[in-house]
Trainee: 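Quick one: the structure is below, questions incoming.
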Amino acid sequence: MKYLDLVSTYEKLDNTTKRLEMIDHLVELIKKTPTDLIDKIFYLTLGEPSWIGKPEIGMAEKLAIKTISASFGIPVKKIESHLKKVRGLSSENRTTDLGSFVGTLKGKKQMTLIKPKPLTVSQVYSTFEKMRTFSGSGSQERKMKSLASLLGNASPKEAKWIIRTIEGKLRVGIAEMTMIEALAIAFTDDKTNKEIIENAYNLRCDLGYIAKELAVNGIKAIKNIKIQIGNPIRMMLAQRLATPEEILEKLGGKCALEYKYDGIRIQAHKNEDKIVLFSRNLESLTEQFPDVREYIKGINVNQLILEGECVAYDITKNKFKPFQELMHRRRKYDIDKVKEQFRVKLFVFDLLFLGRKSYLNESYVKRRKELENLIKNNGLSTAKNLIVESPKPFYDFLDNSIKDGCEGVIAKSIQIDSIYKAGARGFLWIKYKHSYQENLGDSIDLVVVGANMGRGKWAGVYGAVFGAIYDKDTDSFKTTCKIASGFTEDVLKTLMDLFDPLRIKKQDPRVELPKEIKPDVLFSPNIVIEVRGDEITLSPTYSAAFGEFKENAGLSIRFPRFIQIRKDKNPEDATTTDELIQMFQNQNKK
DNA sequence: TGTGCCTGCCC
DNA sequence: ATTCTGC
DNA sequence: GCAGAATGGGCAGGCACA
């Protein structure tokens, strides 16, 4: 099978936003794919599941640019400035990404050369597989050589999609769910079978495997896929709503509330003495948390799958450590040493499998009850919970969760149909964070001092803007974060017009921008925007309130999002250093 | 051997 | 993670 | 309301290079 067959599907997908049309193209592709290549098509399109343990390709945008620079003899700087320029253009011309750029380079070169033999799907796939295996000194060079030789044999279109694949995002509007629907139609002529396939995928999170199984053994084999201890289950996710009142209404007037701990989600599998741990995205965490494995080992059953939130805990102060400190535990080396430094607790909140029985289709109430029976006297806790039937106790429980150092609560349905809906972000679980209920006083006003150009569907507008606080003492603006979320397309267009007259070539002397941070464009400090975040964090990067709380660290914002433009404010009316310091202190009193 | 850039993955 | 948008 | 695509801060680790 030619790689061009895959590429032409990508091109068609890229040219439509209609889901049904996309699915048609995918069905056509799947139908003409030989059985032995079906999994590879899926891996090339969606990426491979990483829980299997293969090394990553370890190559993304910058190394792709370096490769292109070497193979075409164009300096890296030139490629980067070209990209910056085309990203300022509208996305209509579809040449705003690195892949398309390589395509045009190939197009120019190809004129004088004999057309190379078309690439095959196996050839492209096996080159990527080979690149995964390179490590150690000189490995980047070898990866670049492999990619360069692939590009050397590629047509302009092929080159474009090879680069997009390496960049890790095809961004053609398809992902797992669309592929599953296409599978159902291609192999069973009945799109309602997508539920069966999705269900199997939830238990065996490898669509390449599922596709091949379907191709070889049919839908019956897919129905037979069951939980296997040691293979991760796709995690159930929570929806969000604006108020506790809405949540109660959605859940039928009553629900269970659980603390939303600020840590890492862990799915633990126990088979006799063998314990393995998975992250929310199904990466292995087994090696990182030997202490958690010990806790699980202490549970007196042979087969078990459960989930909990792993939080760093300060034993002497008897309170949680910030998420940032827990992150020190995500490491490969010095685990034994660091595990003493950052002790963790696991707050267990769900039971997925026990003995020989799946609990996925049991109700929340039953799962929770079984869980409480299991988690006794072995160093583990269950997530703190309470059943509520009205807003008042809801708010009280929420307040307590904040006082105890949590982010908020997860409201869970206690109806009879409240199953563990693997892989789904449905309304059986609804999260409500403290940050949702903050009033306007808790947002901050930042002066915009620069921006990056957007990519993909945001080509032609800014993809992110840099925000700064005002420092009264020095009469200067200190960058504190970058904002990209919360913009509607209208606002993005407005920003283009608003900032056009403010563009400057050289940094304004009153603006302090950390040297590692290089915006695509700079603005003289003028426009103020309102920004909301979940919390203020210590920042190794940004210089706002630098050194006030920690040596060589400033303050930044976790999950910053744009709220509105504040035309009524002058740059000097922005949040000041003193105010930010005050906010940080208040937040840490809790 | 130290530093800076890049990547992948937590949220 | 948050947020927006086409279907 | 789903599915997908824009984008955030910040941690460790791998590699290149001085």
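Within every chain, numbering begins at 1; the chains are lettered A, B, ... in the order of the sequence lines, protein sequences first and strands thereafter.
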Trainee: Kindly indicate whether the side chain of A:Ser485 and the base of D:dT7 share any N or O donor-acceptor pair separated by less than 3.5 Å?
Mentor: no
Trainee: Round to a whole Å and report the spacing from CD1 of A:Ile174 to P of D:dA6.
Mentor: 13 Å
Trainee: Looking at A:Lys332, I'd like to know whether one of its side-chain N or O atoms comes within less than 4.0 Å of OP1 or OP2 on D:dG14.
Mentor: yes
Trainee: Is there a side-chain polar atom (N or O) of A:Tyr542 under 4.0 Å from OP1 or OP2 of D:dG9?
Mentor: yes
Trainee: Using a 4.0 Å heavy-atom cut-off, does A:Lys421 contact any base of the nucleic acid, only the sugar-phosphate backbone, or nothing at all?
Mentor: nothing
Trainee: Can you tell me the distance, in whole Å, between the NZ atom of A:Lys145 and the P atom of D:dC15?
Mentor: 17 Å
Trainee: CD of A:Glu181 versus C1' of D:dC2: gap in Å, rounded?
Mentor: 11 Å
Trainee: Write down the distance between CD (A:Glu535) and P (C:dA1), rounded to a whole number of angstrom.
Mentor: 14 Å
Trainee: Report the distance from atom CD of A:Glu530 to atom C1' of C:dT3, rounded to the nearest whole Å.
Mentor: 16 Å
Trainee: List for me each residue that meets ring-ring contact (aromatic ring centres under 6.0 Å, His included) alongside A:Phe584, sequence neighbours excluded, and say none if there are none.
Mentor: A:Phe549
Trainee: Just to confirm, is there a sub-4.0 Å distance from OP1 or OP2 of D:dG10 to any side-chain nitrogen or oxygen of A:Ser539?
Mentor: yes
Trainee: Would you please confirm or rule out a distance under 4.0 Å between OP1 or OP2 of C:dT2 and any side-chain N or O of A:Lys431?
Mentor: yes
Trainee: Taking the six-membered ring of A:Phe134, is the NZ or CZ of A:Arg142 close enough (under 6.0 Å from the centre) and on axis enough (within 45°)?
Mentor: yes
Trainee: Does a nitrogen or oxygen in the side chain of A:Arg240 sit under 4.0 Å from OP1 or OP2 of C:dT3?
Mentor: yes
Trainee: Assess the side chains of A:Asp490 and A:Thr488: does a donor N or O sit below 3.5 Å from an acceptor N or O?
Mentor: no
Trainee: Using a 4.0 Å heavy-atom cut-off to protein, can you give one letter per nucleotide of nucleotides 2-11 of chain B, 5' to 3': B if the base is in contact, S if only the sugar-phosphate is, - if neither?
Mentor: ----SSSSSB
Trainee: Is there a side-chain polar atom (N or O) of A:Tyr462 under 4.0 Å from OP1 or OP2 of D:dA6?
Mentor: no
Trainee: Using a cut-off of strictly less than 4.0 Å, decide whether A:Ser135 has a side-chain nitrogen or oxygen near OP1 or OP2 of D:dG14.
Mentor: no
Trainee: Could you state the NZ-C1' distance from A:Lys66 to D:dG14, rounded to the nearest angstrom?
Mentor: 13 Å
Trainee: Tell me whether the rings of A:Phe499 and A:Tyr462 are parallel (<30°), tilted (30 to 60°) or perpendicular (>60°).
Mentor: perpendicular
Trainee: Which pairs, protein N/O on one side and nucleotides 5-7 of chain C N/O on the other, fall under 3.5 Å?
Mentor:
| residue | atom | partner | partner atom | Å |
| --- | --- | --- | --- | --- |
| C:dT5 | OP1 | A:Glu489 | N | 3.1 |
| C:dG6 | O3' | A:Thr17 | OG1 | 3.4 |
| C:dC7 | OP1 | A:Thr17 | OG1 | 2.6 |

Trainee: Can you tell me which residue among A:Glu309, A:Glu307, A:Glu283 is in a salt bridge (charged side-chain N to carboxylate O under 4.0 Å, His left out) with A:Arg265?
Mentor: A:Glu307
Trainee: Could you label the plane-to-plane angle of the A:Tyr261 and A:Phe347 rings as parallel, tilted or perpendicular, counting under 30° as parallel and over 60° as perpendicular?
Mentor: parallel
Trainee: Mind telling me whether A:Trp161 and A:Tyr10 have parallel, tilted or perpendicular rings, with 30° and 60° as the class edges?
Mentor: tilted
Trainee: Are A:Lys518 and A:Glu80 close enough for a salt bridge, meaning some N to O gap below 4.0 Å?
Mentor: no
Trainee: Checking A:Glu548 side chain against A:Ile581 main chain: does a donor-acceptor pair fall under 3.5 Å?
Mentor: no
Trainee: Where each residue is assigned the nucleotide of DNA chain D containing its nearest heavy atom, which of A:Phe134 and A:Ile557 is assigned the position nearer the 5′ end?
Mentor: A:Ile557
Trainee: Under 4.0 Å between a side-chain N/O of A:Thr541 and OP1 or OP2 of D:dG10, yes or no?
Mentor: yes
Trainee: Quick check: on DNA chain D, is the nucleotide nearest A:Glu141 upstream (toward 5') of the one nearest A:His328, or the reverse? Name the residue that is more 5'.
Mentor: A:His328
Trainee: Can you find a side chain N or O atom of A:Gln324 that sits less than 4.0 Å from OP1 or OP2 on D:dC11?
Mentor: yes
Trainee: Applying a 4.0 Å non-hydrogen cut-off, can you work out what A:Ile536 is touching in the nucleic acid: base, sugar-phosphate, or nothing?
Mentor: nothing
Trainee: Classify the side-chain pair A:Ser435/A:Arg532 by whether it contains a donor and acceptor separated by less than 3.5 Å.
Mentor: no
Trainee: Expressed as a whole number of angstroms, how long is the span from A:Arg561:CZ to D:dA6:C1'?
Mentor: 16 Å
Trainee: So, OP1 or OP2 of D:dG14: does either fall under 4.0 Å of a side-chain N or O from A:Tyr333?
Mentor: yes
Trainee: Between the side chains of A:Asp404 and A:Tyr259, does any donor sit under 3.5 Å from an acceptor?
Mentor: yes
Trainee: Whole-Å distance between D:dG14 C1' and A:Gln140 CD?
Mentor: 8 Å
Trainee: A:Val172 near the nucleic acid: base, sugar-phosphate alone, or nothing, with a heavy-atom cut-off under 4.0 Å?
Mentor: sugar-phosphate
